[in-house]
Amino acid sequence: MNTAEAVRAWVSGWSLSRGTAEPVPTTWGFTIDVGLPGHVARHVLTAAADEAAVRKITESTTAPGVWLKAPVAPEVLEPWLGLGWSLAGGPGFLMSAPLDAARSQAPPEAAGGYRLRRWTRAGVTRVLVRTVDGAFAARGQIAVAGPTAVVDQVETDPAHRRRGLGRLVMRTLAEAAASQGATEGTLVATPEGRILYETTGWRTLTPLTGAVRD
């Protein structure tokens with residue numbers, strides 16, 4: 001999967017995962033109506049994105065709460081932004097991995113002292129890990145859009161890190177997506193998450209940097 005294909009797959013799965021409007025194709029990528037305070041809409045540029053496209057979008061957008069994602073590093077994107085725009089969300093990395101290996105694996109059991117629950121609704125599988133007394137420990141979700149599945153909103157509570165819960169969530173999500181016919185996974189990782197994912201077979205395709213109209 002090349003960068004442009006991965007961006008398109010991620011957009012499709014991300015919009016399904018977040019319950020947004022259907023992505024609208026444009027000459028430079030996609031526009032998505034998100035409909036949240038502070039995140040009204042999102043523009044996502046493909047690998048063909050360049051300075052001219054970014055300037056056109058950001059200089060013509062004056063409403064607050066509009067986001068932009070571009071497959072370039074922060075130091076590249078920032079000088080292209082129009083007045084009123086700023087980098088947001090921290091550094092991100094678009095990653096991919098094959099899911100075939102997960103087909104033959106049973107969902108892993110929760111580590112001692114934890115309970116795992118998994119459920120699927122409307123094409124999105126969610127995983128929740130809690131302590132035996134019900135406290136939140138970790139979570140994640142994955143949306144299957146055709147042959148590609150998009151991992152989203154993976155997090156571990158700081159008090160429960162370094163106990164294998166991130167790996168547990170990722171393996172469970174991968175198995176669930178593979179059982180639904182997905183063969184490839186994509187996600188956008190933080191620098192910290194990137195380290196975890198690379199140890200489990202994911203590879204980095206490109207930086208993916210965010211910006212928002214203040």
Side-chain angles (χ1 to χ4, degrees), residues 1-97 123-124 140-146 148-155 184-195 197 202-214:
M1 178 182 294
N2 61 37
T3 299
E5 292 171 339
V7 171
R8 287 193 291 269
W10 178 75
V11 166
S12 179
W14 184 89
S15 64
L16 177 61
S17 175
R18 301 296 178 96
T20 72
E22 193 73 20
V24 177
T26 67
T27 56
W28 37 258
F30 299 89
T31 293
I32 308 168
D33 284 330
V34 180
L36 295 174
H39 196 163
V40 179
R42 169 177 289 208
H43 302 299
V44 182
L45 284 70
T46 65
D50 57 16
E51 180 177 0
V54 172
R55 287 193 177 278
K56 181 177 180 180
I57 294 168
T58 59
E59 289 176 359
S60 63
T61 301
T62 58
V66 177
W67 284 67
L68 178 144
K69 286 276 189 179
V72 294
E75 61 271 20
V76 175
L77 179 63
E78 189 169 26
W80 297 352
L81 299 174
L83 186 65
W85 284 78
S86 59
L87 298 180
F93 303 92
L94 183 64
M95 306 183 73
S96 70
V124 181
Q141 60 196 60
I142 194 165
V144 176
T148 303
V150 174
V151 178
D152 190 25
Q153 297 191 319
V154 175
E155 67 172 308
E184 190 84 10
T186 65
L187 58 80
V188 174
T190 63
E192 182 180 32
R194 179 186 182 186
I195 296 173
Y197 302 141
W202 292 74
R203 66 187 182 96
T204 301
L205 298 174
T206 181
L208 194 63
T209 303
V212 64
R213 180 62 166 80
D214 301 324

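Counting from 1, the numbers follow the sequence of the chain as shown. Please read these numbers as outputs of a predicted model, since none were measured by experiment.
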Query raised in the report: Aromatic rings W202 and Y197: how do their planes relate, parallel, tilted or perpendicular, breaks at 30° and 60°?
Result: tilted
Please report the shortest heavy-atom distance between [X] and [Y], naming the atom on each side.
X: A145; Y: S12; result: CB-OG, 3.5 Å
X: P23; Y: F30; result: CB-CD2, 4.1 Å
X: T148; Y: A9; result: CG2-CB, 3.6 Å
X: P71; Y: T206; result: O-OG1, 3.4 Å
X: T3; Y: L205; result: OG1-O, 4.0 Å
X: T46; Y: G29; result: CG2-CA, 3.6 Å

Query - pair L83-E59: side-chain heavy atoms closer than 4.5 Å - result: no
**Report entry** Validation row: H43, V66 side chains within 4.5 angstrom (heavy atoms)
**Finding:** yes
Requested in this report: First locate atom CD of E184, then atom CD of E5, and finally report the distance between them rounded to the nearest 0.5 Å.
Outcome: 9.5 Å
Report summary line: The side-chain contact (heavy atoms from CB on, under 4.5 Å) partner of I142 among V150, L16, V151 is V151
Under the 3.5 angstrom rule, does the side chain of [X] hit a backbone N or O of [Y] as a donor-acceptor pair?
X: T20; Y: V34; result: no
X: S60; Y: I57; result: yes
X: D33; Y: G35; result: no

Query - With R194 via side-chain contact (heavy atoms from CB on, under 4.5 Å) - residues at least two apart - result: F93, M95, A189, E198, T204
Report task. Under the side-chain contact (heavy atoms from CB on, under 4.5 Å) rule, collect the residues that match up with T209, sequence neighbours excluded. Result -> P74, L77, L87
Requested in this report: Applying side chain to side chain contact (heavy atoms under 4.5 Å, CB included), run through I32 and W14 and close with a yes or a no.
Outcome: CA-CA 10 Å; I32 308 168; W14 184 89; 4.1 Å; yes
Query raised in the report: What pairs of residues pass the side-chain hydrogen bond (donor to acceptor under 3.5 Å, both in side chains) test when at least one of them lies in residues 65-90, not counting sequence neighbours?
Result: S86-D214
